[in-house]
Structures are given as C-alpha cells and as structure tokens.
Q: 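Handing you a structure now.
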Amino acid sequence: MILRPAAPADLPLLRYWDEQPHTVASDPNDDWNWEVELYRHLSWRQQLIAELDGRPIGFIQIIDPATEDTHYWGEVPPNLRALDIWIGEAEDLGRGYGTRMMQQAITLCFSDPLVEAILVDPLVSNHRAHQFYERLGFQYVEDQTFGEDYCRVYRLDREVWEQRKNRGR
C-alpha cells in the first residue's frame with residue numbers, strides 16, 4: 001500500500017466516495033469542496049490517496065490544527081497533527097486497509113521530530129471508529145462539538161506510539 005498526494009484527476013473518485021452511505025454516516029455535515037481544495041497546495045495540509053496494487057482504496061487528510069485556515073479545532077498548541085480517514089468502497093471495510101493507512105499516516109506525522117501528538121475526532125455515535133483508534137493507541141480526551149457534529153476526541157502521543165512501535169504493535 002502506498003499513500004500518494006491527491007490530485008485534481010482524483011476529483012470524480014473523491015466525489016463518488018464522498019456520497020457513499022458509509023462515508024456520509026461518518027461525516028454527515030462536511031462539504032469537502034473538492035473542486036477548490038484539490039487545487040490548493042497548503043503548507044499545513046496533506047491530502048493523500050491510499051492505493052493498493054495501483055487501486056485507490058481510501059483518503060487521508062493530515063493537517064496542522066494550529067495553523068489550518070478554518071480553525072476547526074479552535075485554539076490548540078503547536079506541534080500537533082489531526083487526521084481524517086475514510087475507505088472509499090464499503091466492500092473494502094474490515095479488511096485491514098484502514099489500519100495500514102493509519103500506520104503509514106502516523107509514521108508520516110511523527111517523521112517530523114517536532115510533532116508531539118495526533119488528534120482524531122470521530123462522531124460520538126461511531127463506535128467502530130472508537131475501537132479502531134483505541135487499537136492503534138489513541139486515547140480518549142473528551143467529547144466536543146465541531147459545527148453540527150458531536151465528536152469524541154482522541155489523541156496519540158509520540159511517547160505512546162514509540163512504546164507501541166518498540167513492542168512491535
């Protein structure tokens with residue numbers, strides 16, 4: 001599996017994935033504005049397509065929540081990253097692809113020695129996502145409302161990730 005930068009050529013695929021029932025259920029109130037955002041190259045954001053044997057299977061966005069332009073996360077300290085992830089096709093769920101995508105994204109985030117922790121914000125109602133993030137070492141922080149969405153905030157500290165990595169998990 002590889003993570004490659006999302007490009008304008010991915011627009012039809014991302015629009016399609018964005019309309020799938022499982023992605024709508026996990027992110028019901030966001031408009032990703034793909035037509036604009038795929039052309040914006042920003043220092044605080046990476047938009048990545050996960051490919052397995054050349055087949056696109058998912059999307060990951062990595063942002064610096066302290067500097068991104070919408071201030072979605074509010075006032076946060078520097079040296080954090082925040083992730084969004086989804087698998088495009090329902091038949092690709094539950095096959096370990098999300099875990100592999102997250103492992104690569106986490107490694108990418110922590111390749112910057114200044115990054116102290118990673119944040120995620122699944123909906124409070126998305127119990128599968130809570131279990132997924134907890135298996136990866138993320139720890140519950142608090143419930144928080146972002147716009148219209150009631151979310152559960154999780155955090156993965158570098159030290160926790162390094163300990164898990166050293167234990168082979």
Q: Do Phe132 and Asn126 make a side-chain contact, defined as non-hydrogen atoms from C-beta onward lying under 4.5 Å apart?
A: no
Q: Using the rule that Ile, Leu, Val, Met, Phe, Trp and Tyr join whenever any side-chain heavy atoms are under 4.5 Å apart, tell me whether Val153 and Ile118 fall into a single cluster.
A: no
Q: Once you measure the plane-to-plane angle for Tyr133 and Phe138, does it fall in the parallel (<30°), tilted (30-60°) or perpendicular (>60°) bin?
A: perpendicular
Q: A quick test of your reading: do over 12 heavy atoms of other residues, nucleotides or ligands sit less than 6.0 Å from CG of Asn33?
A: yes
Q: Going by the rule side chain to side chain donor-acceptor pair (under 3.5 Å), which residues pair with Gln46 if we only count those two or more places apart in sequence or in a different chain?
A: none
Q: Report whether Leu93 and Leu52 are members of the same hydrophobic cluster (ILVMFWY, side-chain heavy atoms less than 4.5 Å apart, transitive linking).
A: yes
Q: Any salt bridge (Lys or Arg N to Asp or Glu O under 4.0 Å) pairs touching residues 8-19, not counting sequence neighbours?
A: Arg4-Asp10, Arg15-Glu35
Q: Please report the C-alpha distance between Glu134 and Tyr140 in whole Å, then the side-chain angles of each, then the deciding distance to 0.1 Å, and finally whether the side-chain hydrogen bond (donor to acceptor under 3.5 Å, both in side chains) criterion is met.
A: CA-CA 8 Å; Glu134 289 167 6; Tyr140 171 77; over 6 Å; no
Q: Indicate yes or no: at least one non-hydrogen side-chain atom of Gln104 is less than 4.5 angstrom from one of Ile60.
A: no
Q: Is there a path of hydrophobic side-chain contacts, each under 4.5 Å between heavy atoms, that joins Met1 and Ile106?
A: yes
Q: Using the rule that two of Ile, Leu, Val, Met, Phe, Trp, Tyr join whenever any of their side-chain heavy atoms come within less than 4.5 Å, decide whether Leu13 and Leu38 are in one cluster.
A: yes
Q: Any Lys/Arg nitrogen of Glu37 or Arg40 sitting under 4.0 Å from an Asp/Glu carboxylate oxygen of the other?
A: yes
Q: Under the side-chain contact (heavy atoms from CB on, under 4.5 Å) rule, what do Arg155 and Gln139 come out as? Steps first, then yes or no, please.
A: CA-CA 5 Å; Arg155 177 182 169 118; Gln139 298 171 334; 5.7 Å; no
Q: For residues 73-80, run the donor-acceptor check on the side chains, cut-off 3.5 Å, and write out each pair with its distance to 0.1 Å, sequence neighbours left out.
A:
none

Q: So, the side chain of His130 versus the backbone of Ser125: is there a donor-acceptor pair under 3.5 Å, distance only?
A: no
Q: Please list, chain by chain and in numerical order, all residues satisfying side chain to side chain donor-acceptor pair (under 3.5 Å) with Arg158, sequence neighbours excluded.
A: none
Q: Does Val141 share a hydrophobic cluster with Val120, counting links as ILVMFWY side-chain heavy atoms below 4.5 Å and allowing steps through other members?
A: no
Q: Can you confirm whether Leu83 sits close enough to Cys109 that some side-chain heavy atom of one is under 4.5 Å from a side-chain heavy atom of the other?
A: yes
Q: Evaluate the criterion side-chain contact (heavy atoms from CB on, under 4.5 Å) for residue pair Met101 and Ile87; output intermediate values, then yes/no.
A: CA-CA 9 Å; Met101 289 168 61; Ile87 302 292; 3.5 Å; yes
Q: From Asp69 CG over to Leu42 CG, what is the distance, rounded to the nearest 0.5 angstrom?
A: 6.5 Å
Q: Just verifying a value: how many Å separate Gln131 CD and His127 NE2, rounded to the nearest 0.5 Å?
A: 9.0 Å
Q: Is the shortest side-chain heavy-atom distance between Glu68 and Arg45 below 4.5 Å?
A: no
Q: Which atom names give the shortest non-hydrogen contact between Asp157 and Ala117, and what distance separates them?
A: OD1-CB, 3.4 Å
Q: So which of Trp17, Trp86, Tyr16 actually passes ring-ring contact (aromatic ring centres under 6.0 Å, His included) with Phe59?
A: Trp86
Q: Looking only at non-hydrogen atoms, find the nearest pair between Gly54 and Pro56 and report the distance.
A: O-CD, 3.6 Å
Q: Can you find a pair of side-chain heavy atoms, one from Tyr72 and one from Pro65, that are under 4.5 Å apart?
A: no
Q: Could you tell me the separation between the CD1 atom of Ile62 and the CG atom of Leu3, rounded to the nearest 0.5 Å?
A: 7.5 Å
Q: With rounding to the nearest 0.5 Å, note down the distance linking CD in Glu89 to CZ in Arg55.
A: 7.5 Å
Q: To the closest 0.5 Å, what do you measure between CG (Leu14) and CD1 (Ile49)?
A: 4.5 Å
Q: Do Leu156 and Leu136 make a side-chain contact, defined as non-hydrogen atoms from C-beta onward lying under 4.5 Å apart?
A: no
Q: Test side-chain contact (heavy atoms from CB on, under 4.5 Å) on Leu48 and Leu108 and set out the steps.
A: CA-CA 11 Å; Leu48 305 166; Leu108 183 60; 3.9 Å; yes
Q: Under the ring-ring contact (aromatic ring centres under 6.0 Å, His included) rule, what pairs show up with a residue in residues 96-119, not counting sequence neighbours?
A: Phe110-Trp161
Q: Any pair with a residue in residues 96-124 that passes salt bridge (Lys or Arg N to Asp or Glu O under 4.0 Å), sequence neighbours left out, goes on the list, sorted by first then second residue, please.
A: Arg81-Asp112
Q: Let me confirm one number: the OG1-CD1 distance from Thr23 to Ile85, rounded to the nearest 0.5 Å.
A: 13.0 Å
